[in-house]
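To find a chain, count down the sequence lines: A is the first, B the second, and so on, and within it residues start at 1. We use all heavy atoms of the structure for the numbers below, so side chains are in, but hydrogens, waters and symmetry mates are not.
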There are 2 protein chains.
Amino acid sequence: MKVSTADPAPATRLPAALADGVFPAGCPSRTLLDHITSKWGVLILLALSEGGQRWSELRRRAEGVSEKMLAQTLKTLERDGLVSRKAQPVIPPRVDYSLTERGYELSALLVPLVAWAFENADDIINGPRTD
Amino acid sequence: MKVSTADPAPATRLPAALADGVFPAGCPSRTLLDHITSKWGVLILLALSEGGQRWSELRRRAEGVSEKMLAQTLKTLERDGLVSRKAQPVIPPRVDYSLTERGYELSALLVPLVAWAFENADDIINGPRTD
DNA sequence: TAAGGTACTGGCATGAAAGTTAGTACCGCC
DNA sequence: GGCGGTACTAACTTTCATGCCAGTACCTTA
């Protein structure tokens with residue numbers, strides 16, 4: 001089945017692995033995508049793309065995140081090997097989070113996306129449209 | 001407040017508009033990001049990045065999507081000016097969906113992300129990890 | 001005539017995601 | 001001595017996204 005017939009040449013191509021261009025339902029990439037494109041996942045990865053940060057700073061930067069969600073998201077990202085957690089056994093607890101190498105790889109792709117969203121959001125959401 | 005002190009130089013930078021690197025809660029980019037990083041939003045944008053397609057083909061390619069969710073997601077993306085809908089008033093209904101110029105802009109950023117996820121997913125989710 | 005395909009819409013139900021609140025352990029500050 | 005800060009976890013509740021099913025309108029094929 002031929003899919004692209006006479007369309008504006010897509011400079012970017014889907015992974016060839018997709019037989020017939022179908023995104024399989026059980027595919028692990030679905031899960032991973034869910035993690036990294038989750039509401040708070042994106043923001044946390046973005047925040048960390050600027051360098052290691054502490055719990056409380058992440059809370060401040062991802063405005064509106066609850067402690068629960070921050071903990072949960074960080075745990076998921078850590079399990080996925082995107083974020084590394086370094087806890088120092090000092091008396092007021094101090095934990096630093098940072099991106100792993102893999103995390104940086106990802107954030108390099110994520111940052112332009114968010115930057116684009118940031119630039120276009122106002123136009124699109126509040127838009128020139130009046131309806 | 002200095003954020004990045006001695007971290008692996010991030011080649012990619014966040015939009016400078018972010019004061020203090022804080023992602024504001026009420027920001028329209030949050031909404032837009034929610035739309036494009038939604039479970040089905042990503043897949044539909046990706047599918048369409050290969051060219052215009054019909055309703056039934058999108059259903060097949062975004063495996064597991066329900067008709068309701070497909071309709072809803074397409075409507076949101078259309079309202080955001082990312083997808084355009086062309087309905088032909090023929091007798092068995094025929095509707096073609098495609099990306100707008102803005103949609104293509106976005107998909108150019110989205111495709112590498114998904115490709116990366118696709119490549120790394122197996123490793124990360126089912127992983128070399130045994131626990 | 002009945003089934004099936006196309007492109008939907010709407011209602012009800014449910015389950016997962018998210019928010020809220022409270023608790024922990026230890027310390028410094030006033 | 002009590003409050004606040006740090007970095008969480010756990011229980012409870014609410015909200016919402018999603019799923020499932022049924023219906024529509026018209027045509028084609030069997």
Side-chain angles (χ1 to χ4, degrees), chain A residues 1 23-27 30-45 47-48 52-80 83-98, chain B residues 1 3 23-27 30-45 47-48 52-80 83-98 125:
Chain A
M1 190 186 305
F23 301 100
C27 185
R30 290 271 184 110
T31 309
L32 180 57
L33 229 33
D34 279 354
H35 295 174
I36 65 189
T37 65
S38 71
K39 183 173 180 183
W40 302 114
V42 183
L43 297 185
I44 289 171
L45 287 167
L48 287 174
Q53 275 147 82
R54 301 181 61 177
W55 168 274
S56 49
E57 191 164 355
L58 289 172
R59 267 214 86 180
R60 235 196 335 276
R61 300 187 62 177
E63 210 180 277
V65 73
S66 66
E67 304 211 315
K68 185 195 178 177
M69 278 298 104
L70 181 54
Q72 193 178 300
T73 308
L74 282 169
K75 227 178 260 176
T76 303
L77 295 176
E78 198 195 344
R79 215 166 347 197
D80 289 349
V83 163
S84 87
R85 193 189 108 107
K86 302 239 157 67
Q88 290 166 45
V90 291
I91 289 312
R94 178 188 175 103
V95 184
D96 285 272
Y97 292 94
S98 57
Chain B
M1 191 186 307
V3 168
F23 302 100
C27 185
R30 288 271 183 108
T31 309
L32 179 58
L33 229 34
D34 278 356
H35 293 175
I36 64 189
T37 65
S38 72
K39 184 172 177 181
W40 302 113
V42 183
L43 296 185
I44 289 170
L45 288 167
L48 287 175
Q53 276 147 79
R54 302 181 60 177
W55 167 275
S56 50
E57 190 165 356
L58 287 172
R59 267 214 85 182
R60 236 197 333 276
R61 299 188 61 177
E63 210 180 277
V65 73
S66 66
E67 303 211 316
K68 188 189 179 179
M69 278 300 106
L70 182 54
Q72 193 177 300
T73 307
L74 282 169
K75 228 178 260 177
T76 303
L77 295 176
E78 198 193 346
R79 216 165 348 194
D80 289 349
V83 163
S84 87
R85 195 190 107 109
K86 303 240 158 66
Q88 290 167 46
V90 291
I91 290 311
R94 177 185 175 105
V95 183
D96 285 272
Y97 293 94
S98 56
I125 303 296

Strictly below 4.0 Å: does Ser66(B) bring a side-chain N or O up to OP1 or OP2 of dG19(D)? yes

Below 4.0 angstrom from OP1 or OP2 of dT6(D), is there any side-chain N or O of Arg54(A)? no

Using atom [atom1] of [X] as one end and atom [atom2] of [N] as the other, report the distance to the nearest whole Å.
X        : N       : atom1 : atom2 : result
Gln72(B) : dA17(D) : CD    : P     : 8 Å
Lys39(B) : dA17(C) : NZ    : P     : 9 Å
Trp40(B) : dA17(D) : CH2   : P     : 15 Å

Taking every heavy atom of Ala87(A) against every heavy atom of Val95(A), the minimum-distance pair comes out as CB-CG2, 4.0 Å

Which heavy-atom pair separates Arg30(B) from Glu63(A) by the least distance, and what is that distance? NH2-O, 2.8 Å

Ser56(A), nearest nucleotide to its side chain (from dT6(D), dT18(D), dG19(C)): dT6(D)

Closest nucleotide among dC8(D), dC8(C), dA7(D) to the Tyr97(B) side chain: dC8(C)

Is there a side chain to side chain contact (heavy atoms under 4.5 Å, CB included) between Leu43(B) and Val65(B)? Walk through the geometry before answering. CA-CA 10 Å; Leu43(B) 296 185; Val65(B) 73; over 6 Å; no

Report the C-alpha distance between Val42(A) and Ile36(A) in whole Å, list the side-chain angles of each, state the deciding distance to 0.1 Å, and finish with yes or no for side chain to side chain contact (heavy atoms under 4.5 Å, CB included). CA-CA 6 Å; Val42(A) 183; Ile36(A) 65 189; over 6 Å; no

Map Pro92(B) and Glu67(B) onto DNA chain C by nearest heavy atom, then report which one ends up closer to the 5' terminus. Pro92(B)

Using heavy atoms to find the nearest nucleotide of DNA chain C for Lys68(B) and Trp55(B) separately, return the residue whose nucleotide is more 5′. Trp55(B)

